[in-house]
Engineer: 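Let me begin by handing over the structure; questions about it come next.
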2 protein chains.
Amino acid sequence: MTTKLSQLKQDFTEGLSQISRFWGFPKGMGAIFAVLYLSPAPLPLDEIVTQTGLTKGAVSTEVRTLARMGLVHRSSRLGDRKDYYEAESDFYKSIRSILKERQNSEFDRAVRSVQETLEKLESGSVSGDEAEVAFVHERVKALQEFFNAIDNLASAVIKLESLGFGNVTKILSVLK
Amino acid sequence: MTTKLSQLKQDFTEGLSQISRFWGFPKGMGAIFAVLYLSPAPLPLDEIVTQTGLTKGAVSTEVRTLARMGLVHRSSRLGDRKDYYEAESDFYKSIRSILKERQNSEFDRAVRSVQETLEKLESGSVSGDEAEVAFVHERVKALQEFFNAIDNLASAVIKLESLGFGNVTKILSVLK
DNA sequence: TATTACGTTTAGTAATTACTAAACGTTCTA
DNA sequence: TAGAACGTTTAGTAATTACTAAACGTAATA
């Protein structure tokens, strides 16, 4: 039993949409990426619109955030005022740029607030039951250290030239 | 200038709530975890209710998913029919159990659908422009390999006794 | 200068998700 | 056996997020 390529593409797109949603991104974003990822040539916005069934507005904004994440690239051609988009196919590259993106976000602000909490505790300026303050201090400190570990890991990954297969297997062997 | 412990706790809780939302979990979940994490003793549901301002129903369901993730533990005492909850303080342990949790989820289903797409392509049963089929094949394969790499990494982490400081620094040195 | 071909913004709607309030079931106590 | 003290479920609401439709801005073309 044979499958039409167009059908296959559609299934694939559906799959990526769900994956996208799973990671907390709009499912339309996954669909857009899928369409670009399976296209041999860069596509103009209009083409993405017809292939995903989303509106111009939606594609316009979501493709922009994809670009900011480094998952797609925008380009233009001389004498053609359309923008063309194509998917980044090196996923390790994408991961790095997503991590980078996340570093200057909401998340970082929240992490810093934990840092501030810790500083107050270190400076001894917190009033309350002594034993409980000590306990809280210890806990907050542990959390902060955990965040630091994660952060170091992320930074290291970002700095890498490439997180290719070799590196992954190296990591795996260390973890054995 | 001194800060009251109660105020500090509240700030901390606020911070964790945001972090929780950032990772796609309800912010109430972060708040519940924060309250438990800063409590020297296990707390009954009612106490969580008063400290977070959520309702019994909400706390009941969210504390359960926290437990499933291994971020909190439920216990009970003889001659007391309240349940008591306490936070897991070993975050590496938590990470492992979250990863485990994620492995049997929606996500895995979606990943498998990519696998199926690939199998169809491998079996040569896809009809359409030959060159394009070849291109799509290559791309889908690359994506699948990427997923495998991630999956291997996750599995390795899960199997670890402990992802303590030592291991993290080892990983870091490999990535240099 | 008017028209067309684009991408962006905006204001509103649909869909989803987080939560509340209250009914419910069970187990213990009187 | 009634009542109280729990945790759970359910049905509905509030808040958030994803998206649509359409107005808009800009630059190229006639």
Side-chain angles (χ1 to χ4, degrees), chain A residues 13-14 16-36 42-69 72-86 105-107 110, chain B residues 13-14 16-36 42-69 71-86 105-107:
Chain A
T13 301
E14 177 60 28
L16 276 203
S17 298
Q18 284 180 243
I19 290 174
S20 175
R21 258 202 28 199
F22 183 82
W23 289 108
F25 302 108
K27 85 177 206 275
M29 218 171 104
I32 293 171
F33 181 81
V35 163
L36 292 174
L43 299 178
L45 196 138
D46 258 0
E47 188 57 30
I48 305 175
V49 167
T50 61
Q51 289 198 36
T52 57
L54 300 173
T55 58
K56 258 199 315 172
V59 174
S60 171
T61 59
E62 309 222 321
V63 96
R64 189 151 15 115
T65 82
L66 278 169
R68 223 181 37 230
M69 286 181 172
V72 312
H73 304 290
R74 184 195 304 239
S75 61
S76 40
R77 300 169 181 179
L78 304 88
D80 183 347
R81 57 206 180 73
K82 282 183 199 149
D83 288 343
Y84 289 84
Y85 298 93
E86 66 189 316
S105 65
E106 292 292 308
F107 180 64
Chain B
T13 301
E14 177 60 28
L16 275 204
S17 298
Q18 284 181 244
I19 289 174
S20 176
R21 259 203 27 200
F22 182 82
W23 289 106
F25 302 108
K27 83 178 209 271
M29 218 172 105
I32 293 171
F33 181 82
V35 163
L36 292 174
L43 299 178
L45 195 139
D46 258 0
E47 188 56 30
I48 304 176
V49 167
T50 59
Q51 288 198 36
T52 58
L54 299 174
T55 58
K56 257 199 316 170
V59 174
S60 171
T61 59
E62 309 222 322
V63 95
R64 189 154 12 117
T65 82
L66 278 168
R68 222 180 41 230
M69 287 182 174
L71 279 162
V72 313
H73 303 290
R74 184 196 303 239
S75 61
S76 40
R77 299 168 182 180
L78 303 88
D80 183 348
R81 55 204 182 74
K82 282 182 199 148
D83 290 341
Y84 288 84
Y85 299 93
E86 65 188 316
S105 66
E106 292 292 309
F107 180 64

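Quick note on labels: first sequence line is chain A, next is B, and so on, each numbered from 1. Everything numeric here is computed off the predicted structure, so don't read it as measured data.
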Engineer: Against the six-membered ring of B:Tyr84, is B:Arg77 placed for a cation-pi contact (under 6.0 Å from the centre, within 45° of the normal)?
Structural biologist: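 B:Arg77 over B:Tyr84 ring: yes.
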Engineer: Would you say B:Arg77 places a side-chain N or O within less than 4.0 Å of OP1 or OP2 belonging to D:dC6?
Structural biologist: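 For D:dC6, OP1/OP2 do not have a side-chain N/O of B:Arg77 under 4.0 Å.
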Engineer: Sugar-phosphate means primed atoms, P, OP1 and OP2; the rest is base. With that split, encode nucleotides 17-27 of chain C 5' to 3' as B, S or - using protein heavy atoms under 4.0 Å.
Structural biologist: SSSBS-----B
Engineer: Between C1' on C:dG7 and CG on A:Asp46, what's the gap in Å once rounded to a whole number?
Structural biologist: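 In whole Å, C:dG7 C1' lies 10 Å from A:Asp46 CG.
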Engineer: Let me know the distance between CZ of B:Arg74 and P of D:dG7, rounded to the nearest Å.
Structural biologist: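 Answer to the nearest Å: 9 Å.
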Engineer: How many whole angstroms separate atom CG of B:Asp80 from atom C1' of D:dG7?
Structural biologist: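 Rounded to whole Å, this separation is 13 Å.
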Engineer: Which pair of non-hydrogen atoms, one from B:Arg74 and one from B:Asp83, has the smallest distance, and what is that distance?
Structural biologist: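 Smallest heavy-atom distance, with atoms named: NH1-OD2, 3.1 Å.
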Engineer: Rounded at 0.5 Å granularity, tell me how far CD in A:Glu47 sits from CG in A:Leu36.
Structural biologist: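 A:Glu47 atom CD to A:Leu36 atom CG measures 10.0 Å (nearest 0.5 Å).
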Engineer: Pick out which of A:Val35, A:Ile48, A:Leu43 makes a side-chain contact (heavy atoms from CB on, under 4.5 Å) with A:Tyr85.
Structural biologist: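 Result for side-chain contact (heavy atoms from CB on, under 4.5 Å) with A:Tyr85: A:Ile48.
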Engineer: List the steps and the verdict of side-chain contact (heavy atoms from CB on, under 4.5 Å) for A:Leu16 and A:Ile19.
Structural biologist: CA-CA 5 Å; A:Leu16 276 203; A:Ile19 290 174; 3.9 Å; yes
Engineer: Measure the distance from CD on B:Glu47 to C1' on D:dG7 and round it to the nearest whole Å.
Structural biologist: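 It is 16 Å, rounded to the nearest whole Å.
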Engineer: Please give, in whole Å, the distance from D:dA28 P to A:Lys82 NZ?
Structural biologist: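 Whole-Å distance recorded here is 15 Å.
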Engineer: Are A:Val72 and A:Glu86 packed together at the side-chain level, in the sense that at least one heavy-atom pair is separated by less than 4.5 angstrom?
Structural biologist: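 They are not in side-chain contact.
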Engineer: B:Tyr84 OH to D:dC6 P: how many Å, rounded?
Structural biologist: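 In whole Å, D:dC6 P lies 8 Å from B:Tyr84 OH.
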Engineer: Distance check: side-chain N/O of B:Ser60 vs OP1/OP2 of D:dT8, anything under 4.0 Å?
Structural biologist: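 For D:dT8, OP1 or OP2 has a side-chain N or O of B:Ser60 closer than 4.0 Å.
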